[in-house]
Amino acid sequence: MSKTSYELPLPTTGALFFSSFFRESSSTEASVLTKANNCRAQLRDVLKTLKRSEQRDLLGLLKTIQDYLPAIFDIRRWTHRSDAACRARARIQYEVLFVLFTYASASTNYAIMQETAGNYQQATEMLCKAAGIFEYLSASLLPEIVKSPEKTCPEIFPELAAALSKYTLAEHSLLHYYN
């Protein structure tokens, strides 16, 4: 990649239990909540390990997030269709934001690793994926979350996600052009 490439920081996270958000749930919903709790705990463990370790298992992180995404999106759909789940909607929306932001950042960082190893095709695919996720965040998810002018952290500014989308597309173009 260009000499301006840099790794995006990966977050750490605390414990979160989805079952505490919902008082009643069907057996199907209960199994999805259990799966989401397990996947979230695994994601937390992987992020903590990455922070402490010199070895960067970004592929493991990406796989963990891919396993988690179906459950968190199922839960997000429930919060939109149920009035009882309305109180949990904001927390679930922020969780989706956290997971997708982490996914896009990890994809960008993995692309940097792949480029360094000479795997240019995989690097460009990962940069395109990251750009698409950042674009989705800026155009769809963040405007839905951020309704008030009081924005407390940079990650919830749609402009940041849009800028990161453009950054990853620019890195993709440079990689494609020079290799």
Worked verdict on Asp57 versus Thr49 for side chain to side chain contact (heavy atoms under 4.5 Å, CB included): CA-CA 9 Å; Asp57 182 19; Thr49 301; over 6 Å; no

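Listed here is the closest heavy atom pair of Thr108 and Ala130: OG1-CB, 3.3 Å. Contact record, Ile133 with Ala104: CG2-CB, 3.6 Å, taken as the closest heavy-atom pair. Listed here is the closest heavy atom pair of Asp67 and Pro70: O-CD, 3.6 Å. Closest approach of Phe18 and Ala36 over heavy atoms only: CD1-CB, 3.6 Å. Across every non-hydrogen atom of Met126 and Ala111, the tightest pair is CB-CB, 3.8 Å. The minimum heavy-atom distance between Pro11 and Leu47, with the atom names listed, is O-CD2, 3.5 Å.
With contacts defined as side-chain heavy-atom distances shorter than 4.5 Å, the pair Ile92/Arg77 does not qualify.
The cluster map of Ile, Leu, Val, Met, Phe, Trp and Tyr, joined by side-chain heavy atoms under 4.5 Å apart, puts Leu10 and Leu43 in the same cluster. Side-chain heavy atoms closer than 4.5 Å link hydrophobic residues (I, L, V, M, F, W, Y) into clusters, and following such links, possibly through other members, connects Phe134 to Leu69. Hydrophobic clustering (ILVMFWY, side-chain heavy atoms < 4.5 Å, transitive): Leu33 and Phe17 are in distinct clusters.
Lys48 pairs by the side-chain contact (heavy atoms from CB on, under 4.5 Å) definition with Arg44, Arg52, not counting sequence neighbours. Remark: Asn119 engages Gln114 in a side-chain hydrogen bond (donor to acceptor under 3.5 Å, both in side chains) (not counting sequence neighbours). Residues satisfying the side-chain hydrogen bond (donor to acceptor under 3.5 Å, both in side chains) criterion with Asp45, sequence neighbours excluded, are absent altogether. Every residue meeting the side-chain contact (heavy atoms from CB on, under 4.5 Å) condition with Gln121, not counting sequence neighbours, appears here in chain and number order: Thr124, Glu125.
Taken from OH in Tyr94 to CG in Leu141, the straight-line distance is 10.0 Å, to the nearest 0.5 Å. For the atom pair CG of Leu127 and OG of Ser165, the computed distance is 11.0 Å after rounding to the nearest 0.5 Å. To the nearest 0.5 Å, atoms SG (Cys39) and CD1 (Ile72) are separated by 10.0 Å. In this structure, the separation between OG on Ser31 and CG on Asp74 is 9.5 Å, given to the nearest 0.5 Å. The CG atom of Leu142 lies 8.5 Å from the CG atom of Leu160; values are rounded to the nearest 0.5 Å. For the atom pair NZ of Lys166 and OG of Ser138, the computed distance is 7.5 Å after rounding to the nearest 0.5 Å.
Crowding of Lys51 atom NZ: a count of heavy atoms from other residues, nucleotides or ligands under 6.0 Å exceeding 12.
Applying the salt bridge (charged side-chain N to carboxylate O under 4.0 Å, His left out) test to every pair with at least one member in residues 133-142, sequence neighbours left out, gives no pairs at all.
Looking at Ser140, its side chain never comes within 3.5 Å of a backbone N or O of Leu137 through a donor-acceptor pair.
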Sequence neighbours excluded and cut-off under 3.5 Å, please list the side-chain donor-acceptor pairs for residues 95-103, or say none.
| residue | atom | partner | partner atom | Å |
| --- | --- | --- | --- | --- |
| Glu95 | OE1 | Arg40 | NE | 3.3 |
| Glu95 | OE1 | Arg40 | NH2 | 3.1 |
| Glu95 | OE2 | Arg40 | NE | 2.5 |
| Glu95 | OE2 | Tyr68 | OH | 2.6 |
| Thr102 | OG1 | Phe98 | O | 2.7 |
| Tyr103 | OH | Gln66 | NE2 | 2.9 |
| Tyr103 | OH | Lys129 | NZ | 3.4 |

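Of the residues Thr64, Leu62, Ile65, Leu58, the one that meets the side-chain contact (heavy atoms from CB on, under 4.5 Å) test with Val46 is Thr64.
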